[in-house]
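In what follows, chains are A, B, ... by sequence order, proteins preceding strands, each numbered from 1.
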4 protein chains.
Amino acid sequence: MVNKMVNNNLLDEMAKILKKSNKQTVKQKKIIEVAITLFAEKGYSNTATSEIAKMAGVAEGTIFKHYGTKENLLLSIMVPFIKDFFPTMADELIGELMNDKCTFEEFLRAFLTNRIAFISENREIFQVVIKEIIYKEELKNEILPYILEAASVRLVKVIEIFKQRGDIKDIPNDSILKMLGTVMSGFFISNFILLNKKSISEDAIEDIVFFILNGFGQSPQ
Amino acid sequence: MVNKMVNNNLLDEMAKILKKSNKQTVKQKKIIEVAITLFAEKGYSNTATSEIAKMAGVAEGTIFKHYGTKENLLLSIMVPFIKDFFPTMADELIGELMNDKCTFEEFLRAFLTNRIAFISENREIFQVVIKEIIYKEELKNEILPYILEAASVRLVKVIEIFKQRGDIKDIPNDSILKMLGTVMSGFFISNFILLNKKSISEDAIEDIVFFILNGFGQSPQ
Amino acid sequence: MVNKMVNNNLLDEMAKILKKSNKQTVKQKKIIEVAITLFAEKGYSNTATSEIAKMAGVAEGTIFKHYGTKENLLLSIMVPFIKDFFPTMADELIGELMNDKCTFEEFLRAFLTNRIAFISENREIFQVVIKEIIYKEELKNEILPYILEAASVRLVKVIEIFKQRGDIKDIPNDSILKMLGTVMSGFFISNFILLNKKSISEDAIEDIVFFILNGFGQSPQ
Amino acid sequence: MVNKMVNNNLLDEMAKILKKSNKQTVKQKKIIEVAITLFAEKGYSNTATSEIAKMAGVAEGTIFKHYGTKENLLLSIMVPFIKDFFPTMADELIGELMNDKCTFEEFLRAFLTNRIAFISENREIFQVVIKEIIYKEELKNEILPYILEAASVRLVKVIEIFKQRGDIKDIPNDSILKMLGTVMSGFFISNFILLNKKSISEDAIEDIVFFILNGFGQSPQ
DNA sequence: CATGAATGAGTGTTCATTCAT
DNA sequence: TATGAATGAACACTCATTCAT
């Protein structure tokens, strides 16, 4: 059913995508691993390549042999997450979910559960991506439109279907998209970036699902 | 009524707070102004003091005469926003709003309108504060608890009142706080940081108010 | 007798010498005072004019109004000590001592007592002068020859007289000068610079007088 | 006999001590060499790292790659001289000298000859060490007690032995130590720091040996 | 006479990047 | 492939000095 697991581990996924034929050496893996941790913690700008090298047990030159520039090392971490992996997975998931004759509530719960699991497993990379997108105006302008477009296209389809099924109020798609974007970006950023949570309880998911569906206003009796 | 304006301009407010009697020179004002713009655009770490100096038409030494360190220049921008100005204003506003016998919907609309206006007027400082809080783990750990505490204390009072008036569903305060935090942080960050909006239309406010109250799920007839 | 005190206070003496007609203002006195203390403690190079200004309760500009440059402030402290005051006093003293029909031992004791008293009273200035002469090769080359010449001329006369009186061994003047220079520079630098003593006990003076006269070797019986 | 030479070259000695297994690169040696020369001539505070770099034919960064800070570069020069090399050598020498049944005069002559040779060979480092110890109060307070203690312990033994042999007058050890310290510090500082001599003639050594043993007072017949 | 805001050349230090081994 | 010594441009920061008030 909807809970079927998809492999979410980015490090493995990257190997397939970024260097289809090039096997990563142990040292390369270690470099990426350390870079993610440090970038997530202190930000790209505040992390020295020398620090990465030391923590990874590697010579400084080795990093540049593999990634050319520090910027490129960052992109080697971010790009797979954003460009290839995210949509691919989402499509799989959405297709899977929509084939079932599930309600919007079921979809929402499954979708959130799945995305939360995904981010939990790749928490640090998520932090790197979000922090850098937010921090550098130019990076934001390059990447954000792509993400928004990719997300809109997919979500509009979903919204349309559930509107037809009568599960969603008759509000313009645009407004729904915005609100969904608002509440989801808020949820992920609050929990995984600001509060640095490692996982989300099922109760918290229930709360947010309920809230998205019903709000917390009391309609006058 | 609830829309009575409170002066929101931070630069003027800072003068009063940070240096009660010390007049800022023209050059100091220009330094702060330029620093805010550059920090907001490229982030603190990616902004050189030499660049600030050049754009402000000032010698680099002048910056350090006044602010001692680059870090302190950042704090001179952030602290007033966070520590003194935010709670003060919020209290005024909440007191004002609660005295009126308004509904939760009216309160929400007024509150959001007021806060949005405030952030719009100090958009760049808001960007600086949020970006730096998100970017540096240590800064986050120092500042975030203060903000959360300050916000919680105030909002719980408000929530209690409207619960008693029957305007808010009977959900644990904690859950409501989280959802409100989620949706508001999402709203402000999406609009003012990610989408870099300069203002918010009244329609958008209506949408978000409606959403918070009712969600967009269609309860089955 | 030989112990008659000569006024040793440099600050007063400087007023007469450096600015014969210009009275020093209170602020000027304070500047010099603070500068001497700080130069003595941390060295000229490690003392900022801003620090002097702050400790003297004076605006930075005031220092430069009076002394033009930091270098000149240093010279205003050193020059009187070296150029005018030192020889003047020594001559008075030597004249006074030689008129008496005293032994070399008496002369030595009186001379050392007098010079030690003088340096004790102007300890910090002495430290400044010695430290700077030692620290900067160029300053040394300008000042040292003058001091050596001045000292030699006076001491040779004294040595000659006591040789004729049979109080000093028949050793070349040059050798005696060197040994006297060695032992006195060693005595002053050890005590007032390295050990930072504020005064010298009479016993210590007796020891050094005895040593200069007799050494501490035991001639075989 | 007592004149057997011990290798005095500090640069070689440092290699052994400071980085037992780490080979110094050619550039590192050049940096130390130039630093010693410039520090000796103008003092640490008046020497810019950029100047050292230029004269050493090295990029400025290279200095900091190897020594971390300018302060540490200074210590890399001073510490071996003071902490390891000085006592080690002195012990070898004293042991060697005391085994022989030599007189105090022979010991003194040999000891001075040896120490003078040592300082001549490492003249500039000696200048750096002395200048910095004198110049910075805090450095003085850290280093001087160590030197005094190390010297006292060794010299007291020597003095005791020669007292028993009847070669030294029956004066308190403390007084002898002070006088010896005074005359030796005076001798080394006068000659190697103030007069900047490169070597000491044998006649000068004879003079100082004679003086220490006998003084230059004429005991009345 | 005294101030203190402003200057700008200079300083120690960092760090992404290169390249000979 | 991996190293790490070397680089040099850039950076935050200092400080003696100037000058309008």
| query | Closest to the C/Thr69 side chain: F/dT14, F/dA6, F/dT17? | reply | F/dT17
| task | Check the distance between E/dT14's P and D/Glu60's CD and give it to me in whole angstrom. | result | 12 Å
| field | Closest to the A/Ala59 side chain, choosing from F/dT17, E/dG8, F/dG4 | value | F/dG4
| request: Measure from CD on B/Gln24 to P on E/dG4 and round the result to the nearest Å. | output: 18 Å
| remark: Between CG of D/Asn46 and P of E/dG12 the distance, given in whole Å, is 10 Å
| task | Identify whether any heavy atom of C/Thr47 sits under 4.0 Å from a base atom; if not, whether one sits that close to sugar-phosphate; answer base, sugar-phosphate or nothing. | result | sugar-phosphate
| field | Nucleotide pairing, DNA chain F (Watson-Crick or G-U, distances under 3.5 Å), in dot-bracket with [ ] and | | value | .||||||||||||||||||||
| said: Just N and O in the side chain of A/His66: are any of them under 4.0 Å from OP1 or OP2 of F/dT1? | reply: no
| Most 5' of C/Ser50 and A/Lys65 on DNA chain F, judged by nearest nucleotide | A/Lys65
| request: Starting at atom OH of C/Tyr44, determine the distance to atom P of F/dC15, rounded to an integer number of angstrom. | output: 13 Å
| Is the distance from OP1 or OP2 of E/dC15 to the nearest side-chain N or O of A/Thr49 less than 4.0 Å? | no
| said: From CD of A/Glu51 over to P of E/dT14, roughly how many Å is that when rounded to an integer? | reply: 13 Å
| task | Nearest whole angstrom, please: distance from the P of E/dG4 to the CD of B/Gln28. | result | 14 Å
| task | Please figure out whether B/Ile63 or D/Ala48 has its closest DNA chain E nucleotide nearer the 5' end. | result | B/Ile63
| query | Just wondering, do D/Ile143 and D/Met78 contact through their side chains at under 4.5 Å, heavy atoms? | reply | yes
| Could you state the interatomic distance from CD (C/Glu142) to CD1 (C/Ile133), rounded to the nearest 0.5 Å? | 10.5 Å
| message | Side chains of C/Leu74 and C/Val128, heavy atoms from C-beta outward: is any pair under 4.5 Å? | response | yes
| query | Where the side chain of A/Phe64 is concerned, which of F/dC13, E/dT17, E/dG12 is the nearest nucleotide? | reply | E/dT17
| field | Nucleotide E/dT7, atom P - distance to CD1 of B/Ile52 in whole Å | value | 15 Å
| field | Nucleotide F/dT3, atom P - distance to NZ of A/Lys30 in whole Å | value | 14 Å
| field | Listed nucleotide nearest any side-chain atom of B/Lys27, set F/dA6, E/dA6, F/dA16 | value | E/dA6
| request: Could you tell me which non-hydrogen atom of A/Glu124 sits nearest to which non-hydrogen atom of A/Ile36, and how far apart they are? | output: CB-CG2, 3.4 Å
| task | Select base, sugar-phosphate, or nothing to describe what A/Lys70 touches, counting heavy atoms under 4.0 Å on all strands. | result | sugar-phosphate
| Comparing A/Val58 and B/Gly61 on DNA chain F - which has the more 5′ nearest nucleotide | A/Val58
| note | Among the nucleotides E/dA6, F/dT17, F/dT7, whichever has the atom closest to the side chain of B/Thr25 is E/dA6
| field | Closest heavy-atom pair and its distance - C/Leu73, C/Ile32 | value | CD1-CD1, 3.9 Å
| Which residue pairs pass the side chain to side chain donor-acceptor pair (under 3.5 Å) test with at least one member in residues 51-61 of chain C, sequence neighbours excluded? | C/Lys42-C/Glu51
| field | Test log, rule salt bridge (charged side-chain N to carboxylate O under 4.0 Å, His left out), inputs C/Glu137 and D/Lys131 | value | CA-CA 11 Å; C/Glu137 202 71 9; D/Lys131 286 185 179 183; 3.3 Å; yes
| message | Against B/Phe39, only a single residue in B/Phe126, B/Tyr44, B/Tyr135 fulfils ring pair (Phe, Tyr, Trp, His ring centres under 6.0 Å); can you say which? | response | B/Tyr44
